[in-house]
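Accompanying notes for the structure given below.
Proteins get letters first, then strands, A, B, ... in listed order; numbering begins at 1 in each. Just so you know, these numbers use all the heavy atoms, side chains as well, and skip hydrogens, waters and symmetry mates.
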Amino acid sequence: AQRVTQPEKLLSVFKGAPVELKCNYSYSGSPELFWYVQYSRQRLQLLLRHISRESIKGFTADLNKGETSFHLKKPFAQEEDSAMYYCALRGLTQGGSEKLVFGKGTKLTVNP
Amino acid sequence: DAGVTQSPTHLIKTRGQQVTLRCSPKSGHDTVSWYQQALGQGPQFIFQYYEEEERQRGNFPDRFSGHQFPNYSSELNVNALLLGDSALYLCASSFGLPTEAFFGQGTRLTVV
(Lines give C-alpha, C1' and ligand atoms only; values in the text may rest on other atoms or scores of the structure.)
Protein backbone atom coordinates (compact mmCIF):
# COMPACT_ATOMS: atom_id res chain seq x y z
CA ALA A 1 0.00 0.00 0.00
CA GLN A 2 1.09 3.54 -0.68
CA ARG A 3 1.04 5.85 2.30
CA VAL A 4 2.46 9.28 3.10
CA THR A 5 2.78 10.49 6.66
CA GLN A 6 3.36 14.07 7.71
CA PRO A 7 3.65 13.88 11.50
CA GLU A 8 3.29 17.60 12.17
CA LYS A 9 -0.07 19.19 11.54
CA LEU A 10 1.22 22.63 12.58
CA LEU A 11 4.73 24.07 12.58
CA SER A 12 5.63 27.54 13.76
CA VAL A 13 9.06 29.16 13.42
CA PHE A 14 10.51 32.64 13.55
CA LYS A 15 11.77 34.48 10.49
CA GLY A 16 15.37 33.57 9.76
CA ALA A 17 15.20 30.28 11.63
CA PRO A 18 15.77 26.95 9.90
CA VAL A 19 12.70 24.94 9.07
CA GLU A 20 12.20 21.25 8.40
CA LEU A 21 8.89 19.71 7.41
CA LYS A 22 8.88 15.96 7.85
CA CYS A 23 7.54 13.41 5.41
CA ASN A 24 7.74 9.65 5.60
CA TYR A 25 6.37 7.26 3.03
CA SER A 26 5.48 3.65 2.62
CA TYR A 27 5.76 2.06 -0.82
CA SER A 28 7.13 -1.26 -1.95
CA GLY A 29 8.35 -0.12 -5.36
CA SER A 30 10.34 2.83 -6.62
CA PRO A 31 8.53 6.00 -5.61
CA GLU A 32 8.58 9.48 -7.00
CA LEU A 33 8.22 12.09 -4.25
CA PHE A 34 6.90 15.62 -4.44
CA TRP A 35 6.27 18.59 -2.23
CA TYR A 36 3.22 20.70 -3.05
CA VAL A 37 2.47 24.06 -1.47
CA GLN A 38 -0.77 25.95 -1.08
CA TYR A 39 -0.53 29.63 -0.17
CA SER A 40 -3.55 31.39 1.27
CA ARG A 41 -6.38 31.60 -1.30
CA GLN A 42 -4.22 30.07 -4.03
CA ARG A 43 -4.29 26.75 -5.78
CA LEU A 44 -2.13 23.78 -4.95
CA GLN A 45 1.16 24.07 -6.80
CA LEU A 46 4.25 21.96 -7.16
CA LEU A 47 7.18 23.14 -5.05
CA LEU A 48 9.72 20.49 -5.95
CA ARG A 49 10.14 16.89 -7.02
CA HIS A 50 12.96 14.62 -5.96
CA ILE A 51 14.03 13.55 -9.44
CA SER A 52 14.79 17.11 -10.53
CA ARG A 53 17.05 17.76 -7.52
CA GLU A 54 16.23 21.47 -7.76
CA SER A 55 16.18 24.06 -5.02
CA ILE A 56 13.00 26.12 -5.26
CA LYS A 57 12.55 29.29 -3.18
CA GLY A 58 15.45 28.09 -1.05
CA PHE A 59 13.77 24.78 -0.21
CA THR A 60 15.48 21.44 -0.71
CA ALA A 61 14.43 17.88 -0.07
CA ASP A 62 16.46 14.70 -0.26
CA LEU A 63 14.96 11.29 -0.77
CA ASN A 64 16.30 8.88 1.84
CA LYS A 65 15.24 5.41 0.75
CA GLY A 66 16.76 3.79 3.82
CA GLU A 67 14.63 5.87 6.17
CA THR A 68 11.78 6.19 3.63
CA SER A 69 11.77 9.92 4.19
CA PHE A 70 11.59 13.05 2.05
CA HIS A 71 11.91 15.93 4.49
CA LEU A 72 11.62 19.50 3.22
CA LYS A 73 14.23 21.94 4.50
CA LYS A 74 15.06 25.60 4.30
CA PRO A 75 17.95 27.19 6.19
CA PHE A 76 16.36 30.60 6.73
CA ALA A 77 12.56 30.82 6.79
CA GLN A 78 10.78 33.88 5.40
CA GLU A 79 7.33 35.20 6.28
CA GLU A 80 6.16 34.51 2.72
CA ASP A 81 6.86 30.81 3.30
CA SER A 82 3.79 30.61 5.52
CA ALA A 83 1.50 28.15 3.77
CA MET A 84 0.13 24.64 3.77
CA TYR A 85 2.66 22.04 2.60
CA TYR A 86 1.76 18.61 1.29
CA CYS A 87 4.10 15.74 0.65
CA ALA A 88 2.97 13.41 -2.13
CA LEU A 89 4.07 10.12 -3.63
CA ARG A 90 3.54 8.75 -7.10
CA GLY A 91 4.27 5.11 -7.64
CA LEU A 92 6.37 4.21 -10.69
CA THR A 93 5.20 0.89 -12.03
CA GLN A 94 5.49 -0.80 -15.40
CA GLY A 95 1.82 -0.14 -15.82
CA GLY A 96 2.38 3.55 -15.23
CA SER A 97 0.55 4.16 -11.99
CA GLU A 98 -0.12 7.85 -11.97
CA LYS A 99 -2.13 8.66 -8.93
CA LEU A 100 -0.67 10.96 -6.35
CA VAL A 101 -0.99 9.91 -2.72
CA PHE A 102 -0.89 12.91 -0.41
CA GLY A 103 -0.10 13.32 3.24
CA LYS A 104 -2.48 15.29 5.44
CA GLY A 105 -0.34 18.38 5.22
CA THR A 106 1.64 20.63 7.53
CA LYS A 107 0.65 24.22 8.11
CA LEU A 108 3.80 26.30 8.38
CA THR A 109 3.63 29.69 10.04
CA VAL A 110 6.68 31.94 9.95
CA ASN A 111 6.45 34.63 12.59
CA PRO A 112 8.15 38.03 12.24
CA ASP B 1 -3.03 30.31 -20.61
CA ALA B 2 -5.62 30.26 -17.84
CA GLY B 3 -4.28 27.02 -16.45
CA VAL B 4 -6.70 24.46 -15.08
CA THR B 5 -10.17 25.92 -14.63
CA GLN B 6 -12.99 24.42 -12.62
CA SER B 7 -16.65 25.31 -12.36
CA PRO B 8 -18.55 26.13 -10.33
CA THR B 9 -16.39 27.46 -7.51
CA HIS B 10 -18.98 26.80 -4.83
CA LEU B 11 -22.04 24.59 -4.75
CA ILE B 12 -24.66 23.70 -2.17
CA LYS B 13 -26.72 20.56 -2.67
CA THR B 14 -29.25 18.61 -0.65
CA ARG B 15 -28.62 15.06 0.51
CA GLY B 16 -29.76 12.58 -2.14
CA GLN B 17 -29.29 14.96 -5.04
CA GLN B 18 -26.88 14.59 -7.92
CA VAL B 19 -24.09 17.00 -8.85
CA THR B 20 -21.83 17.59 -11.84
CA LEU B 21 -18.50 19.36 -11.56
CA ARG B 22 -16.52 20.53 -14.57
CA CYS B 23 -12.84 20.88 -15.38
CA SER B 24 -10.94 22.35 -18.31
CA PRO B 25 -7.32 21.22 -18.39
CA LYS B 26 -4.31 23.39 -19.00
CA SER B 27 -3.66 24.00 -22.68
CA GLY B 28 -1.76 21.09 -24.22
CA HIS B 29 -2.66 18.64 -21.44
CA ASP B 30 -4.50 15.43 -22.22
CA THR B 31 -4.87 13.75 -18.84
CA VAL B 32 -7.27 14.79 -16.11
CA SER B 33 -7.34 13.52 -12.54
CA TRP B 34 -9.90 14.26 -9.85
CA TYR B 35 -9.22 14.49 -6.13
CA GLN B 36 -11.42 14.94 -3.08
CA GLN B 37 -10.05 17.03 -0.22
CA ALA B 38 -12.01 16.83 2.99
CA LEU B 39 -11.46 19.48 5.65
CA GLY B 40 -8.11 19.02 7.36
CA GLN B 41 -7.05 16.25 5.01
CA GLY B 42 -4.79 15.95 2.01
CA PRO B 43 -6.27 15.43 -1.45
CA GLN B 44 -7.46 11.88 -2.10
CA PHE B 45 -7.39 10.40 -5.61
CA ILE B 46 -10.80 9.65 -7.14
CA PHE B 47 -9.96 8.71 -10.73
CA GLN B 48 -8.02 9.66 -13.83
CA TYR B 49 -9.09 10.07 -17.43
CA TYR B 50 -6.98 9.75 -20.55
CA GLU B 51 -8.17 9.45 -24.15
CA GLU B 52 -11.77 9.60 -22.87
CA GLU B 53 -11.27 6.44 -20.79
CA GLU B 54 -11.04 5.99 -17.04
CA ARG B 55 -7.44 4.86 -16.66
CA GLN B 56 -7.20 4.42 -12.92
CA ARG B 57 -9.59 4.64 -9.98
CA GLY B 58 -9.14 5.25 -6.30
CA ASN B 59 -11.16 3.82 -3.44
CA PHE B 60 -14.44 5.62 -4.13
CA PRO B 61 -17.91 4.09 -4.59
CA ASP B 62 -19.68 3.84 -7.94
CA ARG B 63 -21.72 6.91 -7.02
CA PHE B 64 -18.68 8.79 -8.27
CA SER B 65 -18.39 8.70 -12.02
CA GLY B 66 -16.71 10.78 -14.64
CA HIS B 67 -16.31 11.56 -18.26
CA GLN B 68 -13.70 13.06 -20.53
CA PHE B 69 -14.62 14.81 -23.74
CA PRO B 70 -12.69 14.91 -27.04
CA ASN B 71 -11.37 18.37 -26.12
CA TYR B 72 -9.89 16.79 -22.95
CA SER B 73 -12.25 18.60 -20.59
CA SER B 74 -13.80 16.45 -17.91
CA GLU B 75 -16.80 16.11 -15.64
CA LEU B 76 -17.15 14.54 -12.24
CA ASN B 77 -20.61 13.29 -11.33
CA VAL B 78 -21.71 12.29 -7.87
CA ASN B 79 -25.10 10.62 -7.37
CA ALA B 80 -27.15 10.18 -4.20
CA LEU B 81 -25.14 12.77 -2.32
CA LEU B 82 -24.27 12.12 1.30
CA LEU B 83 -23.33 14.65 3.95
CA GLY B 84 -19.84 13.10 3.91
CA ASP B 85 -19.39 14.11 0.28
CA SER B 86 -18.94 17.71 1.42
CA ALA B 87 -15.40 18.59 0.41
CA LEU B 88 -13.19 20.53 -1.97
CA TYR B 89 -12.99 18.73 -5.30
CA LEU B 90 -9.77 19.30 -7.18
CA CYS B 91 -9.02 18.69 -10.80
CA ALA B 92 -5.45 18.23 -11.99
CA SER B 93 -4.20 18.00 -15.55
CA SER B 94 -0.97 16.71 -17.02
CA PHE B 95 0.61 15.59 -20.27
CA GLY B 96 2.60 12.43 -20.68
CA LEU B 97 3.99 10.25 -17.94
CA PRO B 98 5.55 10.95 -15.56
CA THR B 99 5.05 14.66 -15.41
CA GLU B 100 3.96 17.52 -13.24
CA ALA B 101 0.27 17.73 -12.39
CA PHE B 102 -1.26 21.21 -12.44
CA PHE B 103 -4.20 21.78 -10.13
CA GLY B 104 -7.28 23.92 -10.47
CA GLN B 105 -8.70 26.11 -7.72
CA GLY B 106 -11.25 23.49 -6.85
CA THR B 107 -15.01 23.33 -6.38
CA ARG B 108 -16.27 23.59 -2.80
CA LEU B 109 -19.26 21.24 -2.48
CA THR B 110 -21.47 21.47 0.58
CA VAL B 111 -24.15 18.84 1.10
CA VAL B 112 -26.91 19.81 3.53
Side-chain angles (χ1 to χ4, degrees), chain A residues 1-10 21-27 29-52 54 56 70 72 83-107, chain B residues 1-7 9-10 23-26 29-51 53-60 64 66 68 74 87-108:
Chain A
Q2 301 173 6
R3 186 180 298 118
V4 175
T5 303
Q6 293 180 250
E8 303 136 331
K9 195 171 183 178
L10 302 171
L21 291 87
K22 292 184 167 54
C23 171
N24 289 91
Y25 67 90
S26 172
Y27 183 63
S30 180
E32 186 176 3
L33 275 296
F34 304 81
W35 276 99
Y36 279 83
V37 60
Q38 189 168 31
Y39 300 103
S40 180
R41 298 182 183 278
Q42 293 188 27
R43 66 187 63 195
L44 199 61
Q45 56 186 285
L46 180 66
L47 181 62
L48 56 81
R49 55 198 298 187
H50 89 271
I51 62 171
S52 63
E54 289 178 305
I56 307 294
F70 188 58
L72 183 67
M84 196 74 188
Y85 291 80
Y86 294 95
C87 182
L89 173 155
R90 179 165 65 197
L92 294 174
T93 68
Q94 190 172 3
S97 173
E98 287 202 58
K99 72 174 183 180
L100 289 169
V101 176
F102 286 85
K104 293 186 177 182
T106 298
K107 184 176 181 180
Chain B
D1 180 14
V4 180
T5 57
Q6 293 186 242
S7 63
T9 53
H10 296 84
C23 171
S24 292
K26 183 177 170 64
H29 286 185
D30 58 2
T31 302
V32 173
S33 302
W34 287 92
Y35 292 81
Q36 180 195 65
Q37 187 174 18
L39 201 60
Q41 303 293 316
Q44 190 172 358
F45 178 78
I46 303 175
F47 42 53
Q48 182 181 84
Y49 278 85
Y50 172 72
E51 291 188 344
E53 299 270 338
E54 184 183 288
R55 180 155 63 175
Q56 190 173 7
R57 188 178 183 92
N59 189 24
F60 278 80
F64 289 77
Q68 186 179 34
S74 177
L88 180 68
Y89 288 85
L90 297 170
C91 171
S93 73
S94 58
F95 176 77
L97 168 72
T99 187
E100 177 181 351
F102 288 79
F103 283 82
Q105 287 275 31
T107 294
R108 173 73 62 187

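The aromatic rings of B:Phe102 and B:His29 are tilted relative to each other, their planes meeting at an angle between 30° and 60°. The aromatic rings of B:Phe60 and B:Phe64 sit perpendicular, their planes meeting at an angle over 60°, well past the 30° parallel limit.
Taking 4.5 Å as the limit, every side-chain heavy atom of A:Val4 sits out of range of all side-chain heavy atoms of A:Phe34. Side-chain contact between A:Arg43 and B:Val4: present, with at least one pair of heavy atoms (C-beta onward) separated by less than 4.5 Å. Side-chain contact between A:Lys22 and A:Glu8 is present, with at least one heavy-atom pair separated by less than 4.5 Å.
With sequence neighbours left out, A:Tyr25 forms a ring-ring contact (aromatic ring centres under 6.0 Å, His included) with no residue at all.
Within residues 39-47 of chain B, the residues that have a heavy atom under 4.5 Å from a heavy atom of chain A are B:Gly40, B:Gln41, B:Gly42, B:Pro43, B:Phe45, listed by number.
Proximity to chain B is absent for every atom of A:Gln6, based on heavy atoms less than 4.5 angstrom apart. For a residue to count as touching a neighbouring chain, one of its non-hydrogen atoms must lie under 4.5 Å from one of that chain's; by this rule B:Ala101 touches chain A with backbone and side chain alike.
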request  = Decide salt bridge (charged side-chain N to carboxylate O under 4.0 Å, His left out) for A:Glu32 and A:Arg49; before the verdict, give the C-alpha distance in whole Å, the side-chain angles of both, and the deciding distance to 0.1 Å.
outcome  = CA-CA 8 Å; A:Glu32 186 176 3; A:Arg49 55 198 298 187; 2.7 Å; yes
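In terms of non-hydrogen atom pairs under 4.5 Å with chain A, the most contact-rich of B:Tyr50, B:Phe103, B:Tyr35 is B:Phe103.
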